[in-house]
Amino acid sequence: MISLTNATLMRGELLLLNSTNLSIHNGQKIGVIGRNGSGKSSLFACLLGQLALDEGDLSMPEGTRCAHMRQETEASKATALDYVIDGDEVFRGIERSLMAAEKAEDGASIAHWHSEMDKIGGYDIRNRAMQLLSGLGFESEQFENPVSSFSGGWRIRLNLAAALMAPSDLLLLDEPTNHLDLEASLWLEQWLKRYQGTLMIISHDRSFLDEVIDYVVSVEHNKLTLYRGNYSSFEIQRAERLAQEQAKFEKQQRRVAEIEDFVRRFRAKASKAKQAQSRMKELDRMQSIAPAHVDSPFYFEFTAPERLPAELISFEKVSVGYDSPLVSNIRLQIRDTTRIGLLGFNGCGKSTLLRSIAGDLQTLAGEVRSSKYLQIGYFAQHQVDVLDQNASPMLLIQRQDPTAREQIIRDFLGGFDFRGERVTETIANFSGGEKARLALALVVWQKPNVLLLDEPTNHLDLEMRHALTVALQGFEGALVVVSHDRHLLSNTVDEFYSIHNGRCQEFEGDLHDYEKWMQEQSNSSTGTSATSLSDKKEDRKEQRQQAAAQRQQLAPLKKEIKKLEQQIEKAQIELTTVEESLADPTLYDEGRKKDLTEILQRQAKLKSHSDQLEDQWLAKCDALEALE
């Protein structure tokens, strides 16, 4: 067991932990969460012996093998494969001893070290290292490339692979998914589930945490608080605790009402039954945990676009890429209600397509039509790196909008937790998370009617990710997102498009279906079919017949669903009109009591009717999903 007793930890004048206690038992999988700067990484440094407590005691079993993921990698001539193998220091030590024994022609020592090598499974270490590299997205032809040839993000992946290679009783991972795509994140989930030791993870990817951890350590008010369960369970427990604080009750109720309004709007326009059902479950859960985030320092919203034409961007038979097409024959319509999540394996062209939509990259073929009122807000992965390091948050916004008043800018930046002197400080010393927040704030300030986001949650902590999710729910324009954050995708987009083998097409299903599809692709990537040509023709004929029968069966249901959606929309318009009439101050005069009573009764009747229609709509969607 690892234990912290009356632990106090400071960084300079900043108090991180104050007389706190924590016990960690063997085999626990723990997510360490807290706001940026709260002391999560410093806690890891203490466990690794790199930082001493200012007061209190840290107890750890003697001989505990610790492995951790380094955050920086120096350029090295070592190959990627050798770099990962270097993570197993025990293997390298035995290897050196064996080489020395062979050089000395010491038969007894040679036999001893061969035996030790066999005990640690050293003879298949190259194979294990290659499996780690493949799982984290490296191609086999990259295994022998020098570390110096890889970009910063890929070097971080090498650090992760080296940490996983090291034999350990305690594994400490600090933001392991930050530079991973969805496929590599899913692979890492499965690897960590099989890990036998004690695991502690700092991560802002809530879906990842939910799959891997069974405990949460929350850094709150300079204390370490242990919660049983995954991250979603922690939110519910914290929500229940905060809900008891009367001072926050009113703010909680406003947030729940905001989500209820979003759910109502979403139900009214949902067009795909399966995705709608998946989305509704996520939104219902968000309502239940809303109180857990009432004390968040982040709150912002997208201002309604000044103009929002129905047709914004149209791609017709478009090819995108650099010297040669990466994705071809793209047909894509971006309308005012479009909310798309782009899916695809690493390197398939998702970011390239976003750049082309943004106009940063010229298309190679096809026709692109754009509205003259198009206003794009584009957040790219490199956005943080190109910020002027000598400018302040205030100055960066003033450059975009010289007429903006200082107090308005300060109020706006406060929603991103830039307050007081931080607003006018140069950003050179800002953390990665602060710069990411600022880059996002600059996009929000532009009042876009099309929002293009490429991995917007990298470097953002859990509270900021939650605030971004909430803000995107209220965004009134079109949205196209590339993200490995499954929670963000599940709660903000209505449909998915996948890019695979150079083609971009709509993906019928939700994220769980996509995960299954990816697994099938991985399993079948090296397999071949033995079906004869005649069998294939018969299969296709049968498939056409089945598809025709299914269309005939689904048509009436789809018609009923569409009719219900029209009725829901009509009821919502009537309800809005009634509620607007309640804003008339003369309605509450003594002589108009009868009018007020009639309007309130009408409001109640319309709400009840709207709820009934929504229940019918959900039931029909369930029936349609069962048949598809």
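One is the number of the first residue; the rest follow in order along the sequence.
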(request) Start with the C-alpha gap between Leu173 and Leu160, add the side-chain angles, then the distance that decides, and say whether side chain to side chain contact (heavy atoms under 4.5 Å, CB included) holds. (result) CA-CA 8 Å; Leu173 299 180; Leu160 175 56; 3.9 Å; yes
(request) Would you please test Glu211 and Lys193 for salt bridge (Lys or Arg N to Asp or Glu O under 4.0 Å) and show each step? (result) CA-CA 8 Å; Glu211 288 295 321; Lys193 285 179 181 179; 3.1 Å; yes
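- Asp417 has no carboxylate O lying under 4.0 Å from a charged side-chain N of Arg35, or vice versa, which leaves the two without a salt bridge.
- Two residues are said to be in side-chain contact when any heavy atoms from C-beta on lie closer than 4.5 Å; Leu199 and Leu170 fail this criterion.
- Between Thr469 and Asn491, the side chains place no donor N or O within less than 3.5 Å of an acceptor N or O (distance only, hydrogens not considered).
- Between Phe412 and Phe418, the ring center distance fails the sub-6.0 Å criterion.
- From Ile156, atom CD1 reaches atom CZ of Arg70 across 9.0 Å, with rounding to the nearest 0.5 Å.
- Ser351 contributes atom OG, which lies 11.0 Å from atom CG of Leu361 (distance to the nearest 0.5 angstrom).
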(message) Run the side chain to side chain contact (heavy atoms under 4.5 Å, CB included) test on Leu17 and Thr8 for me, step by step, so that the C-alpha distance in whole Å, both residues' side-chain angles and the decisive distance to 0.1 Å come before the verdict.
(response) CA-CA 5 Å; Leu17 300 178; Thr8 296; 5.8 Å; no
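- Checking side-chain atoms of Arg157 against main-chain N and O of Leu136 turns up a donor-acceptor pair under 3.5 Å.
- The local environment of CD in Gln400 is crowded, with over 12 non-hydrogen atoms from other residues, nucleotides or ligands closer than 6.0 Å.
- The heavy-atom pair separating Leu396 from Leu442 by the smallest distance is CB-CD2, 3.9 Å.
- Among all heavy-atom pairs drawn from Pro448 and Phe475, the shortest one is O-CE1, 3.4 Å.
- With hydrogens and angles ignored, the 3.5 Å screen pairs no side-chain donor or acceptor of Glu235 with any backbone N or O of Ser232.
- The shortest side-chain heavy-atom distance between Leu312 and Thr338 does not fall under the 4.5 Å cut-off.
- Shown here is Glu421, whose CD atom has no more than 12 heavy atoms of other residues, nucleotides or ligands within 6.0 Å.
- For the residue pair Thr403 and Asp401, a side-chain donor N or O sits within less than 3.5 Å of a side-chain acceptor on the partner.
- No side-chain heavy atom of Phe44 sits under 4.5 Å from any side-chain heavy atom of Leu51.
- Not one N or O on the side chain of Lys350 forms a donor-acceptor pair closer than 3.5 Å with the backbone of Ile499.
- In this structure, OG in Ser392 is found 7.0 Å from CD in Gln398, a value given to the nearest 0.5 Å.
- Panel note: side chain Asn159, backbone Met69; no donor-acceptor pair is recorded below 3.5 Å.
- When side chains are defined from C-beta on, Val450 counts as touching Ile376, because their heavy atoms get closer than 4.5 Å.
- Between the side chain of Arg65 and the backbone N or O of Ala166, no donor-acceptor pair lies under 3.5 Å.
- The two residues Leu209 and Gly31 make their nearest non-hydrogen contact at CD2-CA, 4.2 Å.
- Considering all non-hydrogen atoms of both residues, Ser38 and Val219 come closest at O-CG1, 3.4 Å.
- For Ser207 (side chain) and His487 (main-chain N/O), a donor-acceptor pair under 3.5 Å exists by modelled atom type.
- In this structure, the side chains of Thr225 and Leu22 stay at 4.5 Å or more apart for every pair of heavy atoms.
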(request) Run the numbers on Val84 and Leu164 for side chain to side chain contact (heavy atoms under 4.5 Å, CB included), then give the verdict. (result) CA-CA 9 Å; Val84 173; Leu164 302 183; over 6 Å; no
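- Here the side chains of Leu451 and Tyr378 are not in contact, with every heavy-atom distance at 4.5 Å or above.
- Partners of Tyr83 according to the ring-ring contact (aromatic ring centres under 6.0 Å, His included) rule, which considers only residues two or more places apart in sequence or in another chain, do not exist here.
- A distance of 10.0 Å separates CD of Glu434 from CD1 of Ile427, quoted to the nearest 0.5 Å.
- Checking side-chain atoms of Asn21 against main-chain N and O of Asn6 turns up a donor-acceptor pair under 3.5 Å.
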(message) Could you walk me through whether Arg307 and Glu476 satisfy the salt bridge (Lys or Arg N to Asp or Glu O under 4.0 Å) test, starting with their C-alpha distance in whole Å, then the side-chain angles of each, then the deciding distance to 0.1 Å, before giving a yes or no?
(response) CA-CA 11 Å; Arg307 292 180 181 269; Glu476 295 181 16; over 6 Å; no
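- No more than 12 heavy atoms of other residues, nucleotides or ligands lie within 6.0 Å of CD in Gln362, so this atom counts as exposed by the packing criterion.
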(message) Under the criterion side-chain hydrogen bond (donor to acceptor under 3.5 Å, both in side chains), I'd like the reasoning laid out for Tyr195 against Ser168: C-alpha separation, chi angles, the key distance, then a yes or no.
(response) CA-CA 10 Å; Tyr195 178 67; Ser168 62; 2.7 Å; yes
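- Thr5 and Asp57 share no donor-acceptor pair across their side chains, judged by distance under 3.5 Å alone.
- Environment of CZ in Arg399: crowded, with over 12 heavy atoms of neighbouring residues, nucleotides or ligands closer than 6.0 Å.
- With 3.5 Å as the limit, one finds no donor-acceptor pair spanning the side chains of Arg465 and His204.
- Considering only heavy atoms from C-beta on, Ile357 comes within 4.5 Å of Ile313 through its side chain.
- Note that CG of Asn222 is 4.5 Å distant from CG of Leu15, once rounded to the nearest 0.5 Å.
- For Asn429, the CG atom counts as loosely surrounded, since its 6.0 Å shell holds 12 or fewer non-hydrogen atoms of other residues, nucleotides or ligands.
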(request) Take Leu226 and Val216 through the side chain to side chain contact (heavy atoms under 4.5 Å, CB included) test and state the conclusion after the steps. (result) CA-CA 6 Å; Leu226 183 69; Val216 166; over 6 Å; no
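- For residues 440-453, no pair satisfies side chain to side chain donor-acceptor pair (under 3.5 Å), with sequence neighbours left out.
- Val493 has its side chain within reach of Val481: a pair of non-hydrogen atoms, C-beta onward, lies under 4.5 Å apart.
- Both the sub-6.0 Å distance and the 45° axial angle are satisfied by Arg422 relative to the ring of Phe430.
- Separation of atoms CG (Leu343) and CZ (Phe496) is listed at 6.0 Å; rounding is to 0.5 Å.
- Shown here for Tyr514 and Gly344, the closest heavy-atom pair between the two residues is OH-N, 3.0 Å.
- Although no hydrogens or angles enter the test, the distance criterion places a donor-acceptor pair under 3.5 Å between the side chain of Thr79 and the main chain of Asp82.
- The closest donor-acceptor contact from the side chain of Thr177 to the backbone of Leu180 lies at 3.5 Å or more, if one exists at all.
- Side-chain N or O atoms of Ser149 include none that pairs as donor or acceptor with a backbone N or O of Asn145 at under 3.5 Å.
- Looking at every heavy atom in both residues, Thr492 comes nearest to Arg339 through O-NE, 2.7 Å.
- Comment: Lys223 does not engage Glu220 in a salt bridge, judged by the lack of any side-chain N to carboxylate O separation of less than 4.0 angstrom.
- Residue-environment remark: CD (Glu89) stays at or below the threshold of 12 foreign heavy atoms within 6.0 Å.
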